[in-house]
Amino acid sequence: MKVHIITPFPEMVNSIVESSILGKARERGCVEYQIYNLFDFSDKSSNKRIDDYPFGGGSGMILKPEPIFEAFKFIEKGLHDTNSARVIYPTPDGKLLNQDLSYELSRIDEIVIINGHYKGIDQRVRDSMVTDELSIGDYVLTGGELAGMVILDSIVRLIPDAINSKESADLDSFSQPLLDGPHYTRPSNYKDMKTPEILLSGNHKEIEKWFREKREEKTKLRRPDLWEKYKQLKEGSR
Ligand code: 6GU
């Protein structure tokens, strides 16, 4: 996968893709990142401004269309297939990201992420090049960078071979509509806080049953919406 990221904060984005799973995935050759500084595409005649006041009034600044169109034109020239590429704009008024969509996006060869900032970007950018307007939850962040990196992280870890064991991705909360259960590691007894006996028993069948029960309990309590989905899937598979 090749990921192109347009941002007014290239250092911030770079420090994130260099470290963590995102950096590991690059080392493993699963993904390449190309970061574009939005200021490099600003119009010299407007004093390198990348934002401006909103028409019609209102608070906050809006990213101007020209630099983003210019950056996109530059990226587009290097794309293998413009039609299958996906262009993501992280925004709190977007469609809510979920694991199914992350899976779908992890199978795409070329992804462009446009990280807006301030109050937003000019609507003409959204209308003419964005394919996926995505939100990461019902709360507001100061800018699109962090949200964009969250979206990218959730996609990259699902690329085959990007992380150590595919299993750990498969067992995640949300790969099945069940939350993850409790985990323990050595020492089995830490200051009298003990690991449940069953996990030390070596009885794999019983351990699996115990994990499933814990996951079900937690899901029922915390996420009634997922619990309903899970029950339906279970009935369907009978
Ligand atoms: Cl994608 N961006 C910002 N700025 N805030 C958010 C978000 C995105 N998703 C939830 N809150």
Side-chain angles (χ1 to χ4, degrees), residues 1-22 25 31 33-39 41-42 49-65 67-69 71-72 75 85-108 110-159 172-175 177 179 222-223 225-226:
M1 176 187 289
K2 188 142 190 198
V3 184
H4 303 268
I5 305 164
I6 303 172
T7 171
F9 301 100
E11 300 85 8
M12 175 178 173
V13 170
N14 194 50
S15 72
I16 295 174
V17 302
E18 289 269 293
S19 51
S20 72
I21 295 265
L22 296 175
V31 58
Y33 310 105
Q34 222 30 274
I35 301 169
Y36 305 85
N37 185 345
L38 192 57
F39 285 95
F41 297 90
S42 59
R49 273 191 85 142
I50 58 163
D51 62 342
D52 212 331
Y53 295 97
F55 281 130
S59 60
M61 303 297 274
I62 306 297
L63 288 181
K64 292 164 67 61
I68 303 179
F69 271 92
F72 189 71
I75 292 168
R86 298 280 279 265
V87 182
I88 298 173
Y89 173 57
T91 174
D93 63 18
K95 176 178 161 181
L96 206 55
L97 179 71
N98 61 32
Q99 193 71 2
D100 288 343
L101 184 52
S102 295
Y103 257 112
E104 182 189 331
L105 291 168
S106 73
R107 301 295 183 265
I108 303 290
E110 292 171 306
I111 287 180
V112 181
I113 301 178
I114 301 172
N115 284 332
H117 211 75
Y118 315 104
K119 190 146 167 46
I121 57 175
D122 191 282
Q123 182 62 32
R124 288 163 289 192
V125 170
R126 298 171 70 157
D127 292 342
S128 53
M129 63 183 88
V130 173
T131 62
D132 298 83
E133 300 188 336
L134 301 180
S135 164
I136 61 165
D138 290 338
Y139 45 82
V140 179
L141 303 170
T142 49
E145 273 68 31
L146 287 176
M149 292 302 101
V150 168
I151 295 167
L152 183 61
D153 189 285
S154 81
I155 295 170
V156 168
R157 64 189 295 285
L158 296 174
I159 299 173
D172 286 342
S173 296
F174 304 116
S175 282
L179 300 181
R222 295 188 177 168
R223 293 291 302 273
D225 56 322
L226 283 182

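Order of appearance sets the numbers: ligands from 1, and atoms from 1 within every ligand. Along the sequence shown, residues carry numbers from 1.
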* Asked: Considering all heavy atoms of both residues, which atom of Ile108 and which atom of Met1 are nearest to each other, and what is their separation?
  ->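 Closest approach of Ile108 to Met1, heavy atoms only: O-CE, 3.3 Å.
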* Distance-minimising heavy-atom pair for Asn115 and Gly144 ->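 What the structure gives for the nearest pair is OD1-O, 3.3 Å.
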Give me the residue, atom name and distance of the protein heavy atom closest to [atom].
| atom | result |
| --- | --- |
| atom 1 (Cl) of ligand 1 | Thr91 N, 2.9 Å |
| atom 8 (C) of ligand 1 | Ala147 CB, 3.4 Å |
| atom 5 (N) of ligand 1 | Leu141 N, 3.0 Å |
| atom 9 (N) of ligand 1 | Ile136 N, 3.0 Å |

Taking 4.0 Å as the limit for heavy-atom contacts, which would you say applies to [X] with ligand 1: side chain only, backbone only, both, or neither?
| X | answer |
| --- | --- |
| Ile151 | neither |
| Leu134 | backbone |
| Pro92 | both |

Looking at [X] and [Y], would you say the former's side chain and the latter's main chain have a donor-acceptor pair under 3.5 Å?
| X | Y | answer |
| --- | --- | --- |
| Ser19 | Ser15 | yes |
| Ser135 | Leu96 | no |
| Tyr89 | Val125 | no |
| Asp132 | Leu134 | no |

* Proximal ligand 1 atoms for Pro90, defined as those under 4.0 Å from one of its heavy atoms ->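 It comes down to these atoms of ligand 1: 1 (Cl).
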* Asked: Given side chains that start at C-beta, do those of Ile113 and Val13 come closer than 4.5 Å, heavy atoms only?
  ->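 Counting from C-beta outward, Ile113 and Val13 never come under 4.5 Å.
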* Heteroatom distance test (Tyr139, ligand 1): nitrogen or oxygen, under 3.5 angstrom ->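 Looking only at distances, the answer is yes, because the N/O contact criterion of under 3.5 Å is met.
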